[in-house]
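To keep things clear, I will list the structure first and then write my remarks on it.
All chains are named by letter (A, B, ...) in the order of the sequence lines, taking the proteins before the strands, and each is independently numbered beginning at 1.
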2 protein chains.
Amino acid sequence: MKGSTGTMLLTLLSRQPLYGYEMLRELERRSEGVFSLKEGTLYPILHSMEGEGWVEAYWEAVNGRNRKYYRITDKGGRILNEKKAEWALFRNAVDSVIGEGGV
Amino acid sequence: MKGSTGTMLLTLLSRQPLYGYEMLRELERRSEGVFSLKEGTLYPILHSMEGEGWVEAYWEAVNGRNRKYYRITDKGGRILNEKKAEWALFRNAVDSVIGEGGV
DNA sequence: TTTTTATACATAGTATTGCTATGCATAGAA
DNA sequence: TTCTATGCATAGCAATACTATGTATAAAAA
């Protein structure tokens, strides 16, 4: 795994607010087991994105447990669009280079 | 850029031996300008791949200039196949997570 | 003729990214 | 009462790629 983790996390949050632990399982499920982030990878990224103003956090107690939920901000939404475009460019460029149908 | 540089370089070398400077331009051309590696990125990768036994180097003088050509080894060919499979897995997983048609 | 540009390889230092390991704390199941 | 799952967090390390810089030569431009 290298790169686009932030893009994937922002995408998950663009659908609905999630808390960290939930993101780990959601990412694993949607990638069919390919991405199983560890907490040590996830939380620093979330803190960093919060510092950038891409996401906002709020605590909520559910079933007697404290969960820190994250929601995407307007700025985060704009960044997500940029990152998705970057990913498409990157992916297509790699495919052009390594693909059988290369120029 | 994050990751798959080695895969792309091995792919180029799987077609024909190339020297470093040539790889820079070839990568840029095939990716339509998306990847413009700098020497400071390329040469350490080549040295590392040589150390792993994925490529072999030999010097050749052409037009009065010394060029260090690299050719892919059998081992490098096997690694390339693995890396291509990894890339496909990674790419598809990212697309599953961020794609509109997500589960 | 001299300067600039392109060619050609190389290393040092730094930033980013993500991993492993570890710590703390609680709810629920065994 | 002990283990497992949940839940957030930081420290330290490894890999990756970038910037900056150095050396050297051929060809083109001034």
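- Residues A/D95 and B/R91 form a side-chain contact, since some pair of their non-hydrogen atoms from C-beta on lies under 4.5 Å apart.
- At the heavy-atom level, A/G20 lies under 4.0 Å from the strands shown only through sugar-phosphate atoms.
- Rounded to whole Å, the distance from OH on B/Y69 to C1' on C/dT7 is 12 Å.
- One interatomic measurement links the two molecules: CZ of A/R67 to P of C/dA25, which rounds to 20 Å at whole-angstrom precision.
- Toward the 5' end of DNA chain D, the nearer of the two residues B/P44 and A/Y70, judged by each one's closest nucleotide, is A/Y70.
- B/E28 has no carboxylate O lying under 4.0 Å from a charged side-chain N of B/R25, or vice versa, which leaves the two without a salt bridge.
- The side chain of B/H47 sits closest to C/dT11 out of D/dT25, C/dT11, C/dG18.
- Separating the CG atom of A/L42 from the C1' atom of D/dC8 is a distance of 10 Å, rounded to the nearest angstrom.
- Of the side-chain N and O atoms in A/T5, one or more sit less than 4.0 angstrom from OP1 or OP2 of C/dG18.
- Taking only side-chain atoms of B/R25, from C-beta outward, the nucleotide of C/dC19, D/dC18, C/dA8 with the closest atom is C/dA8.
- For the pair B/E22 and A/R65, both in contact range of DNA chain C, the more 5′-proximal nearest nucleotide belongs to B/E22.
- In this structure, OH of A/Y58 is placed 12 Å from P of D/dC8, rounded to the nearest angstrom.
- Using a 4.5 Å cut-off on side-chain heavy atoms (C-beta onward), B/W54 and B/K75 make contact.
- Classification of the A/Y58-A/Y69 ring pair by plane angle, with boundaries at 30° and 60°, yields parallel.
- In this structure, A/M49 atom CE and C/dT16 atom P are separated by 16 Å, rounded to whole Å.
- Between B/Y43 and C/dA10 there is no side-chain N or O to OP1 or OP2 distance below 4.0 Å.
- The distance from atom CD1 of A/I45 to atom P of D/dA9 is 14 Å, rounded to the nearest whole Å.
- Straight-line distance from the CD atom of A/E60 to the C1' atom of D/dC8: 16 Å, rounded to whole Å.
- Close to D/dA9, at under 4.0 Å from its OP1 or OP2, lies a side-chain N or O of A/K68.
- The nearest heavy atom of DNA chain C to A/G64 and to B/V62 marks one nucleotide each, and the one closer to the 5' end goes with B/V62.
- The shortest distance between the side-chain N/O atoms of B/Y19 and the OP1/OP2 oxygens of C/dA8 is below 4.0 Å.
- Taking atom CE on A/M23 and atom C1' on C/dG18, their separation rounds to 17 Å, with Å as the unit.
- With C/dA8, D/dA9, C/dA10 as the candidates, the nucleotide lying closest to the side chain of A/E39 is D/dA9.
- Under a 4.0 Å N-O distance rule, the pair A/E26/A/R29 qualifies as a salt bridge.
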